[in-house]
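Report on the structure given below.
These numbers come from a predicted model, not from an experiment. Labels below follow one simple rule: chain letters A, B, ... track the order of the sequence lines, proteins then strands, and each chain is numbered from 1.
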2 protein chains.
Amino acid sequence: MNTPQMTRNQALVFDVLEKAEAPLSAYTILDKLRDQGFRAPLQVYRALEKLLEYGVVHRLESINSFVACAHPGEDCHSHGIVAFAICESCGQVIEFHDHEVDHRLMGWVRSQKFKPAKTTIEIRGTCEACAA
Amino acid sequence: MNTPQMTRNQALVFDVLEKAEAPLSAYTILDKLRDQGFRAPLQVYRALEKLLEYGVVHRLESINSFVACAHPGEDCHSHGIVAFAICESCGQVIEFHDHEVDHRLMGWVRSQKFKPAKTTIEIRGTCEACAA
DNA sequence: ATTGCACACGTTATAGCATAACGCAATTGA
DNA sequence: TCAATTGCGTTATGCTATAACGTGTGCAAT
């Protein structure tokens, strides 16, 4: 997909995510946008839905949060499966793409005649800076 | 970890999960155990916490649900990283272990000096039986 | 120009997931 | 016996996500 023009709400949400140092929950985003007129969760969720569709934002399932894609200007859907390392101490996220992992996983699902739609790989732990 | 004796609540929760054909949410488990005296979510969550610790139950992050481990009698923590294929139509879950995937992912986190604690791999899609 | 459609938006309400904080009872081990 | 630990029950609360309704705007087909 190539990214259409963002609406005002989408741009506001994306901007907050891009400037954040760590993934944000929808409600945290909402709070950051109250001054811009945001009032209800749905305003955030609707924007996020589109941003996910455009491939400029990722959802981190294991922490119910959202993060801007590390490859600005590109559609992350084109990178194959994305893996994330999430620091549980500072929240920092590292994004990673590995074709071998893709290949193994897709080979397996294929052998099961399973038709994959969306794949999540998330590694929670401690980043270098936060390690004791 | 080797599994200590389960308490009554843990056994009830585990039993419900083992007999289920698909992952269950904590609240669904609660409803199934009302007749056994369960009243509050915490009774379920506390049992689940232990069952996860014992390695006899998995949490599926992407659907906020829980499933009994496919390897009864063993501690799933010993199998390395576990991947799940989750059918979005019928709910069925297939469990999978692949050392090559483990190896690639762990090699990568190592190169990042990232210390992994818990890894999630979940593939949502359609199982063979549910495919059109 | 008018009609119809698609889409984004705003609002209220509600559903679904998870934990905090309190107190009690049973068990264990010093 | 005493203290520490663990499990349990209950109430209350907080966080995450969506349903349902209505409004406005832009645009294309007639």
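Remark: the A:R124 side chain and the B:T120 side chain contain an N/O donor-acceptor pair separated by less than 3.5 Å. Side chain to side chain, B:H79 and B:E95 fail the donor-acceptor criterion of an N or O pair below 3.5 Å.
Between B:Y27 and C:dC17, a base-stacking contact is recorded: ring centres under 5.5 Å apart, planes less than 30° from parallel.
Within a 6.0 Å radius of NE2 in B:H71, other residues, nucleotides and ligands contribute more than 12 heavy atoms.
Nucleotide C:dT11 holds its P atom 18 Å from the OH atom of A:Y45, rounded to whole Å. The CG-C1' distance, from A:L60 to D:dC15, rounds to 17 Å in whole Å. Here C:dA18 presents its C1' atom at 17 Å from CG of B:L24, a figure rounded to the nearest Å. Atom CD of A:E61 is separated from atom C1' of D:dT16 by 13 Å (rounded to the nearest Å). At whole-Å resolution of the value, CG in A:L48 and P in D:dT16 are 12 Å apart. If you take CG of B:L42 and P of D:dT11, they are 13 Å apart, rounded to a whole angstrom. Summarising the geometry, the separation between CZ on A:R46 and P on D:dG22 is reported as 15 Å, rounded to the nearest angstrom.
The B:Q43 side chain lies nearest to D:dG9 when the options are C:dA18, D:dG9, C:dT11. Here the side chain of A:S25 is nearest to one of D:dC8, D:dT16, C:dT19, namely D:dT16. When distances are taken from the side chain of B:N64 to each of D:dA17, C:dC9, C:dC17, the shortest belongs to C:dC17. The listed nucleotides are C:dA8, D:dC8, C:dA18; the one nearest the side chain of A:Y54 is C:dA8.
Using cut-offs of 30° and 60° on the angle between ring planes, the pair B:W108 and A:F96 is parallel.
In this structure, B:C69 SG and B:E18 CD are separated by 10.0 Å, a value rounded to the nearest 0.5 Å.
Only B:R39, B:A40, listed by number, bring a heavy atom of residues 30-41 of chain B to less than 4.0 angstrom from any atom of DNA chain D.
Each ring-ring contact (aromatic ring centres under 6.0 Å, His included) pair with one or both residues in residues 10-38 of chain A, not counting sequence neighbours, would appear here, but there are none.
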